[in-house]
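Owing to the predicted nature of the structure, the values given are computational and were not obtained by experimental measurement.
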Amino acid sequence: MSDTTNWPWPDEMEGHIAAPRHHQLIFENEKVRVIRTWIPAGERTPVHTHRNPAVYMTIKAGDFIRMDAEGNVTFDTRTAPKSESPAAWMGPIPPHMVENVGNDEILVINFEVK
């Protein structure tokens with residue numbers, strides 16, 4: 001289980017609440033939350049958070065940039081080392097937005113551990 005008791009952002013900032021066009025709650029119980037993240041080519045998500053650490057399983061990959069709430073680029077797939085695995089572990093993510101800068105949709109399933 002993760003300890004996010006000092007998480008400063010409200011639950012309303014969670015991806016499936018703050019950015020419902022791009023995040024769909026698939027399953028949730030007291031131990032896990034599963035979210036479908038879908039970003040069409042050329043779209044940008046609203047600012048949102050992911051409170052819980054998670055395994056992110058990429059179903060359809062594409063190029064994207066992640067920006068903090070002020071619009072500063074914090075990650076760019078076009079310049080990052082390429083991974084051999086379609087899955088990645090990430091800790092909690094503070095307020096951010098993601099822009100699909102590629103030509104194809106992006107589809108990821110997030111398995112969040114509470």
Side-chain angles (χ1 to χ4, degrees):
M1 293 215 243
S2 65
D3 180 12
T4 56
T5 54
N6 293 320
W7 186 252
W9 298 283
D11 290 345
E12 293 77 26
M13 293 274 313
E14 285 294 293
H16 67 288
I17 299 170
R21 172 163 164 59
H22 301 100
H23 298 83
Q24 176 189 13
L25 179 63
I26 296 173
F27 175 83
E28 184 171 24
N29 65 20
E30 66 281 351
K31 296 182 181 182
V32 68
R33 177 188 295 162
V34 181
I35 303 278
R36 175 186 179 264
T37 300
W38 176 69
I39 308 171
E43 286 197 20
R44 180 187 292 184
T45 68
V47 174
H48 64 281
T49 63
H50 296 284
R51 177 184 188 122
N52 301 306
V55 172
Y56 290 79
M57 174 62 110
T58 301
I59 308 300
K60 293 182 180 179
D63 283 323
F64 68 89
I65 55 174
R66 183 181 306 118
M67 295 158 278
D68 64 19
E70 287 75 40
N72 301 303
V73 174
T74 59
F75 183 79
D76 187 332
T77 58
R78 298 168 297 183
T79 58
K82 300 300 178 201
S83 173
E84 303 264 338
S85 175
W89 173 260
M90 292 184 64
I93 307 173
H96 68 286
M97 52 194 149
V98 176
E99 182 174 350
N100 182 340
V101 294
N103 297 319
D104 299 308
E105 69 182 9
I106 295 169
L107 177 60
V108 177
I109 305 297
N110 313 352
F111 300 89
E112 298 183 1
V113 180
K114 293 182 168 184

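Contacts of D76 classified as salt bridge (charged side-chain N to carboxylate O under 4.0 Å, His left out), with partners at least two apart in sequence or in another chain: R78. Residues satisfying the salt bridge (charged side-chain N to carboxylate O under 4.0 Å, His left out) criterion with R44, sequence neighbours excluded, are E99. In terms of the ring pair (Phe, Tyr, Trp, His ring centres under 6.0 Å) criterion, H16 has no residue partners (sequence neighbours excluded). For D11, the side-chain contact (heavy atoms from CB on, under 4.5 Å) partners are R51, not counting sequence neighbours.
At a threshold of 4.5 Å between side-chain heavy atoms, the hydrophobic network of Ile, Leu, Val, Met, Phe, Trp and Tyr places V73 and M97 in one connected group. By the rule that hydrophobic residues join a cluster once side-chain heavy atoms approach within less than 4.5 Å of another member, I59 and I39 end up as members of separate clusters. Linking ILVMFWY side-chain heavy atoms closer than 4.5 Å, directly or via other members, places F27 and W38 in a single hydrophobic cluster. Side-chain heavy atoms closer than 4.5 Å link hydrophobic residues (I, L, V, M, F, W, Y) into clusters, and following such links, even through other members, never connects M90 to L107.
Other residues, nucleotides and ligands contribute at most 12 non-hydrogen atoms within 6.0 Å of the CG atom of N103.
Closest heavy-atom contact between P46 and A19: CD-CB, 3.6 Å. Contact record, T77 with G62: OG1-O, 4.1 Å, taken as the closest heavy-atom pair. The two residues H22 and P40 have their closest heavy-atom pair at CD2-CD, 4.1 Å. Nearest approach of E12 to I17, heavy atoms of both residues: O-CG2, 3.6 Å. Closest of all the heavy-atom pairs between V47 and M13 is CG1-CE, 3.9 Å.
In this structure, E84 CD and K82 NZ are separated by 12.0 Å, a value rounded to the nearest 0.5 Å. Taking CD1 of I109 as the start and CE of M57 as the end, the distance is 9.5 Å to the nearest 0.5 Å. Atom CG in N72 sits 14.5 Å away from atom NE2 in H96 (nearest 0.5 Å). Note: I93 CD1 to T74 OG1 = 9.0 Å, rounded to the nearest 0.5 Å.
Counting heavy atoms from C-beta outward, R33 and N52 have side chains that approach closer than 4.5 Å. Proximity of I35 to I26: side-chain heavy atoms (C-beta onward) are nowhere separated by under 4.5 Å. Counting heavy atoms from C-beta outward, T37 and Y56 have side chains that stay 4.5 Å or more apart.
When each of E112, H23, H48 is paired with E14, the side-chain contact (heavy atoms from CB on, under 4.5 Å) condition holds for E112 and for no other.
Here ring-ring contact (aromatic ring centres under 6.0 Å, His included) pairs that include residues 65-91, with residues two or more places apart or in two chains, are F64-F75. For residues 57-67, the salt bridge (Lys or Arg N to Asp or Glu O under 4.0 Å) pairs, not counting sequence neighbours, are K60-E105.
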